[in-house]
> 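Got a structure here, written out as structure tokens. Questions coming.
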Amino acid sequence: MSKFLFIFVAGIFVGSIIFELNKRSKTKSEFTHLLENLIEREADDVFVGALAKNEERFMDDLHR
């Protein structure tokens, strides 16, 4: 049941993002461009966050 609830809530968020991007864009190519930029920024944020976490672990291991 909890997986279903998580998927349902995630679907609402993804749907609202797509809806907002669709409202802001005037053409399909502009929509695609906005969506690609959004995905790229989110992927960069996740990557930087994971890199910082790994760097902190590495520094902790060096100090021990």
> Quick one: list whatever passes side-chain contact (heavy atoms from CB on, under 4.5 Å) with Asn37, sequence neighbours left out.
His33
> Under the rule for side-chain contact (heavy atoms from CB on, under 4.5 Å), what residues qualify as partners of Lys26, not counting sequence neighbours?
Glu30
> Can you check whether Val46 reaches Glu42 side chain to side chain, under 4.5 Å on heavy atoms?
no
> Any chance you could measure Glu40, atom CD, to Leu35, atom CG, to the nearest 0.5 Å?
11.5 Å
> Partners of Arg41 by side-chain contact (heavy atoms from CB on, under 4.5 Å), sequence neighbours excluded?
Leu38
> Distance-only criterion, 3.5 Å: show the donor-acceptor pairs between side-chain atoms of residues 8-15 and protein atoms not counting sequence neighbours.
none

> Could you tell me the separation between the CG atom of Leu21 and the OG1 atom of Thr32, rounded to the nearest 0.5 Å?
10.0 Å
> Any chance you could measure Leu34, atom CG, to Asn22, atom CG, to the nearest 0.5 Å?
10.0 Å
> Can you list the residues that meet the side-chain hydrogen bond (donor to acceptor under 3.5 Å, both in side chains) rule with Ser16, with sequence neighbours excluded?
none
> So which pairs with a foot in residues 16-25 pass salt bridge (charged side-chain N to carboxylate O under 4.0 Å, His left out), sequence neighbours left out?
Glu20-Lys23
